[in-house]
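We count ligands from 1, going down the list as the structure has it; atoms in each ligand are counted the same way. Along the sequence shown, residues carry numbers from 1. All of these numbers come straight from a predicted model, not from anything done at the bench.
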Amino acid sequence: GMHHFFIDPSQMDRENKRCRIKGPDVHHLHKVLRLTAGIHVSVSDGCGERYLAVIRSIDPEVVHLELLERLSQSVILLERPIRLIQGIAKGSKMDWIVQKNTEMGIAAIQPVSTEFTVVRFSTPQDAVKKQHRWQKIADEASKQSKRTSIPVVEPPRTLQEVLELGRQSGESRLRLLAHEKESASRLADVLQPEALMHYQGIEMWIGPEGGFSPEEVMLAKEAGIRTVGLGPRILRTETASLVLLSVLLYEMGVLEA
Ligand code: SAM
């Protein structure tokens, strides 16, 4: 997650929106964490206030920071809505995927038909029926897990339709496609707080039992979606979303709440 430091009250200069770090923390920040100017951190001033700050200069003796905004204690710095774009899995597995992602805080679930999805909707009514079934599961799981919001289960769409909607939405989203064959982006690089901070939302693209086809991976990459690996083993489709969601929530500091 994002680094947090305690500032000596005497080093706080609120009206000029500045503060300083001196003493032993400087070595840790400079030599161990190797933070540099431009990095965002959160600071507490020892008087019950917490700020989002950015390092303006750093040398072996002192770190100068600019206070960007005061944060209420409860706000989680990096929390961003996470949406699951899920290759439609067979049978009751989708029920399980909807329930578990809901418990863990997913913001929306977009069931997606891909080249290798086995499930085919015979009529549009069948797709609507499935969507309502999954939304009901999301409603119930939200109550059980005492969520303050209920995730939206979107109507099933094809991969191309979801990509097109992504092009149309003005929102800046970090879109990650979990791909067991190659992971162009290392998770660690993608999850840096400085990277996460610039996005309004995050999307997790998870393939169905048969995975994404090479063409689909290419289409996704052309649309700016980044592939990430989730370790050396092949996870079931229902496992993969929970692994990635857990990692994202931890990195955003949400699991500390
Ligand atoms: N190609 C896989 C195989 O060889 O069995 C089939 C897909 S896997 C069962 C289902 C989905 O989970 C994949 O499309 C991918 O999104 C995700 N997944 C599974 N293991 C993964 C891993 N090690 N790294 C990244 N994604 C993984």
Side-chain angles (χ1 to χ4, degrees), residues 80-121 127 130 134 137-138 141 151 153-167 173-192 195-196 199 201-252 255:
R80 299 287 188 276
I82 302 175
R83 294 160 46 85
L84 170 62
I85 318 296
Q86 173 68 46
I88 298 174
K90 284 181 276 192
S92 65
K93 267 188 273 183
M94 269 310 270
D95 299 355
W96 196 86
I97 290 168
V98 169
Q99 185 185 65
K100 297 309 162 203
N101 279 277
T102 298
E103 288 170 41
M104 293 181 59
I106 203 80
I109 296 173
Q110 167 63 71
V112 64
S113 296
T114 67
E115 215 170 313
F116 299 149
T117 44
V118 176
V119 174
R120 291 277 171 257
F121 299 113
K130 280 280 190 335
W134 293 329
I137 290 169
V153 178
E154 304 277 356
R157 292 188 170 100
T158 65
L159 183 126
Q160 286 73 0
E161 284 165 344
V162 179
L163 286 176
E164 183 48 37
L165 281 176
R167 268 189 282 276
R173 285 183 191 155
L174 172 60
R175 301 189 293 169
L176 305 173
L177 184 144
H179 194 35
E180 64 286 1
K181 290 196 178 55
E182 41 109 17
S183 53
S185 328
R186 279 172 5 97
L187 262 183
D189 299 338
V190 167
L191 298 180
Q192 291 300 325
L196 287 179
Y199 295 97
I202 301 174
E203 284 181 0
M204 310 190 302
W205 290 58
I206 307 290
E209 294 89 345
F212 289 111
S213 70
E215 295 71 29
E216 287 169 340
V217 175
M218 191 188 62
L219 275 177
K221 284 182 176 175
E222 282 167 4
I225 297 178
R226 302 163 72 165
T227 55
V228 288
L230 298 176
R233 287 167 289 279
I234 298 290
L235 309 172
R236 287 183 178 277
T237 181
E238 61 269 30
T239 314
S241 62
L242 302 181
V243 169
L244 185 48
L245 183 53
S246 306
V247 168
L248 287 167
L249 293 174
Y250 172 75
E251 195 52 41
M252 293 192 294
L255 300 187

Polar side chain donor-acceptor pair, Q110 to R83, under 3.5 angstrom: no
Sequence neighbours excluded - salt bridge (Lys or Arg N to Asp or Glu O under 4.0 Å) pairs with any residue from residues 233-247: none
E209: side-chain hydrogen bond (donor to acceptor under 3.5 Å, both in side chains) partners, not counting sequence neighbours: K93
Between ligand 1 and the protein, give all atom pairs where both partners are nitrogen or oxygen and the distance is under 3.5 Å, as lines of names plus distance to 0.1 Å.
{"from": "ligand 1", "atom 1": "1 (N)", "to": "E180", "atom 2": "OE2", "distance (Å)": "2.4"}
{"from": "ligand 1", "atom 1": "14 (O)", "to": "G207", "atom 2": "N", "distance (Å)": "3.4"}
{"from": "ligand 1", "atom 1": "16 (O)", "to": "A178", "atom 2": "O", "distance (Å)": "2.7"}
{"from": "ligand 1", "atom 1": "16 (O)", "to": "G207", "atom 2": "N", "distance (Å)": "3.0"}
{"from": "ligand 1", "atom 1": "20 (N)", "to": "L235", "atom 2": "N", "distance (Å)": "2.9"}
{"from": "ligand 1", "atom 1": "23 (N)", "to": "G231", "atom 2": "O", "distance (Å)": "2.9"}
{"from": "ligand 1", "atom 1": "23 (N)", "to": "R233", "atom 2": "O", "distance (Å)": "2.6"}
{"from": "ligand 1", "atom 1": "24 (N)", "to": "L230", "atom 2": "N", "distance (Å)": "2.8"}
{"from": "ligand 1", "atom 1": "26 (N)", "to": "H179", "atom 2": "N", "distance (Å)": "3.4"}

Mutual orientation of the aromatic rings belonging to W205 and F212 [parallel < 30°, tilted 30-60°, perpendicular > 60°]: tilted
Listed once per pair and sorted, the salt bridge (Lys or Arg N to Asp or Glu O under 4.0 Å) pairs that draw on residues 218-227, sequence neighbours left out: E182-K221
Full working for side-chain contact (heavy atoms from CB on, under 4.5 Å) between M104 and L242: CA-CA 8 Å; M104 293 181 59; L242 302 181; 3.7 Å; yes
